[in-house]
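Have a look at the structure below before the remarks.
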Amino acid sequence: ASLASRLARPFKQIGEAARWTLGHRFVLFVILAALLLDSVARQFVVLASEYYRVIDIPVSLFGFIGAGVSLVSIVNARVSRYLVATQAPLSNFFGLSGLLLFGLLGASFAIPWLGLVFAVASFSVLGMVQFQSSYYLNRMVESDLRATVLSFRGLALNLGLGVASVFYTALVASLRRQTPDGTEDEIFIGALPAFPLYFIALLLLLLFAAKVLVRDGAPFRRIGGKAL
């Protein structure tokens with residue numbers, strides 16, 4: 001093969017994987033659902049240390065909290081393995097959405113110490129989204145396209161976080177203009193209610209897109225998500 005054809009081959013494979021993903025609604029919406037859940041939860045995680053501070057947790061405990069969250073992640077991996085084997089993808093999506101919404105709503109009150117419970121609930125969603133989306137994509141995507149489709153998911157998650165970060169930065173800038181005498185902690189607490197609102201808006205948008213684009217809902221209700 002010529003040099004030009006060898007150079008073009010990866011781009012051709014990317015195009016094939018993109019067309020395949022767009023043509024298989026279950027795979028497309030697994031990626032979109034992961035983007036929705038991951039972007040909001042990860043943006044909150046990025047601000048974890050600031051959140052700990054406003055709920056009166058000493059800096060000396062941050063490391064122990066991180067270790068505790070890691071232990072929770074191990075348990076969540078086992079829970080996710082059970083869920084994908086016994087529950088339909090749609091049920092798992094709404095379960096994770098409910099858990100994240102619970103965490104974000106509770107965290108928005110910035111309750112001293114107790115707010116840590118809501119933070120851990122939000123953090124837990126990240127690992128479960130990674131596990132479950134990987135499980136469904138590995139089962140559904142053809143082997144020769146799998147690596148490219150998984151890369152699409154990674155790209156989508158990073159883009160989702162980027163958009164969430166831009167919105168958060170714009171919100172904080174707006175709050176600073178509105179309350180020029182407010183402290184950094186007051187502005188941060190004022191921004192927290194935006195997290196559940198942003199998530200709900202994205203969730204409604206995703207559900208609307210599914211209503212318009214999905215013709216066959218059977219794969220979303222099939223336990224294990226097997227077979228298109």
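For the numbers below, each heavy atom of this structure counts, side chains included, while hydrogens, waters and symmetry mates do not.
- Nearest heavy atoms, Arg81 versus Val84: O-CG2, 3.3 Å.
- Distance CG/Leu126 to OG/Ser73: 8.5 Å, rounded to 0.5 Å.
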Review point. For Val27 and Tyr136, what are the C-alpha separation, side-chain angles and deciding distance, and is it a side-chain contact (heavy atoms from CB on, under 4.5 Å)?
Key: CA-CA 8 Å; Val27 172; Tyr136 292 126; over 6 Å; no
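- Contact record, Ile223 with Ala85: CG2-O, 3.3 Å, taken as the closest heavy-atom pair.
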Review point. Checking side-chain contact (heavy atoms from CB on, under 4.5 Å) for the pair Ile55/Ile111: CA distance, chi angles, key distance, verdict?
Key: CA-CA 6 Å; Ile55 61 172; Ile111 305 171; 5.9 Å; no
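- Looking at every heavy atom in both residues, Ser122 comes nearest to Ala41 through O-CB, 3.8 Å.
- Between the side chains of Tyr135 and Asn92, not a single donor N or O lies within less than 3.5 Å of an accepting N or O.
- Salt-bridge formation is detected for the pair Arg53/Asp185: a Lys NZ or Arg NE/NH1/NH2 atom is positioned less than 4.0 Å from an Asp or Glu carboxylate oxygen.
- Both Phe94 and Met128 are members of a single hydrophobic cluster when ILVMFWY side chains are connected at heavy-atom separations under 4.5 Å.
- Looking only at side-chain heavy atoms (C-beta outward), Ser165 and Val46 stay at 4.5 Å or farther from each other.
- Residues Ser97 and Phe199 have side chains in contact (heavy-atom distance under 4.5 Å, counting atoms from C-beta outward).
- Residues Thr179 and Glu186 have side chains that never bring a donor and an acceptor to within less than 3.5 angstrom of each other.
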**Study point:** Worked verdict on Phe131 versus Asn76 for side-chain contact (heavy atoms from CB on, under 4.5 Å)
**Key:** CA-CA 9 Å; Phe131 183 96; Asn76 286 340; over 6 Å; no
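- One distance of note links CG of Leu114 with CG of Asp56; it measures 12.0 Å at 0.5 Å rounding.
- Across Tyr51 and Gly115, no two heavy atoms sit closer than the pair OH-O, 3.2 Å.
- Taken from CG in Leu157 to OG in Ser133, the straight-line distance is 7.0 Å, to the nearest 0.5 Å.
- A single hydrophobic cluster is not seen to contain both Phe118 and Leu47; linkage of ILVMFWY side chains at heavy-atom distances under 4.5 Å, directly or through other members, places them apart.
- In this pair, Phe29 and Phe220 present their aromatic rings perpendicular. The plane angle is above 60°, beyond the 30 to 60° band.
- For the atom pair CG of Leu116 and CD1 of Ile57, the computed distance is 4.5 Å after rounding to the nearest 0.5 Å.
- Using a 4.5 Å cut-off on side-chain heavy atoms (C-beta onward), Val40 and Val125 make no contact.
- None of Val141, Thr21, Leu35, Leu137 except one satisfies the side chain to side chain contact (heavy atoms under 4.5 Å, CB included) rule with Val30; the exception is Leu137.
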Practice item. Begin with the C-alpha distance, continue with both residues' side-chain angles, and end with the deciding distance and a verdict on side-chain contact (heavy atoms from CB on, under 4.5 Å) for Thr183 and Ile187. Key: CA-CA 6 Å; Thr183 65; Ile187 291 172; over 6 Å; no
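- For the atom pair Leu101 CG and Leu96 CG, the distance stands at 12.5 Å (nearest 0.5 Å).
- Counting heavy atoms from C-beta on, the side chains of Leu36 and Leu205 never come closer than 4.5 Å.
- Side-chain atoms of Gln178 and Ser174 include a donor-acceptor pair closer than 3.5 Å.
- Put simply, Phe102 and Leu197 are part of two different groups of oily side chains (I, L, V, M, F, W, Y) that touch within less than 4.5 Å, one to the next.
- Here the side chain of Tyr52 pairs no donor or acceptor atom with the backbone of Trp113 at under 3.5 angstrom.
- Note: the hydrophobic cluster containing Val117 does not contain Val72 (ILVMFWY, side chain heavy atoms under 4.5 Å, direct or indirect links).
- Pairing each heavy atom of Gln132 with each of Ser80, the nearest pair is NE2-OG, 3.7 Å.
- Using a 4.5 Å cut-off on side-chain heavy atoms (C-beta onward), Arg176 and Glu184 make contact.
- Between Arg25 and Asp216, the closest side-chain pair of non-hydrogen atoms is not below 4.5 Å.
- Both Leu206 and Ile31 are members of a single hydrophobic cluster when ILVMFWY side chains are connected at heavy-atom separations under 4.5 Å.
- Crowding of Phe109 atom CZ: a count of heavy atoms from other residues, nucleotides or ligands under 6.0 Å not exceeding 12.
- In this structure, Phe44 and Phe195 have perpendicular ring planes: the angle between them is above 60°, well past the 30° mark.
- In this structure, Leu192 and Ser108 approach most closely via the heavy-atom pair CB-CA, 3.8 Å.
- Side-chain atoms of Asp38 do not come within 3.5 Å of backbone N or O of Ala34 as any donor-acceptor pair.
- Side chains of Tyr82 and Arg78: a donor-acceptor N/O pair is absent below 3.5 angstrom, by distance only.
- Between atom CZ of residue Phe208 and atom CG of residue Leu213 there is a gap of 9.0 Å, rounded to the nearest 0.5 Å.
- A 4.5 Å side-chain heavy-atom check between Trp20 and Asp144 finds every atom pair outside the cut-off.
- A donor-acceptor pair shorter than 3.5 Å cannot be found between the side chains of Ser91 and Arg221.
- Taking the side chain as every heavy atom from C-beta outward, Arg153 and Gln130 approach each other to under 4.5 Å.
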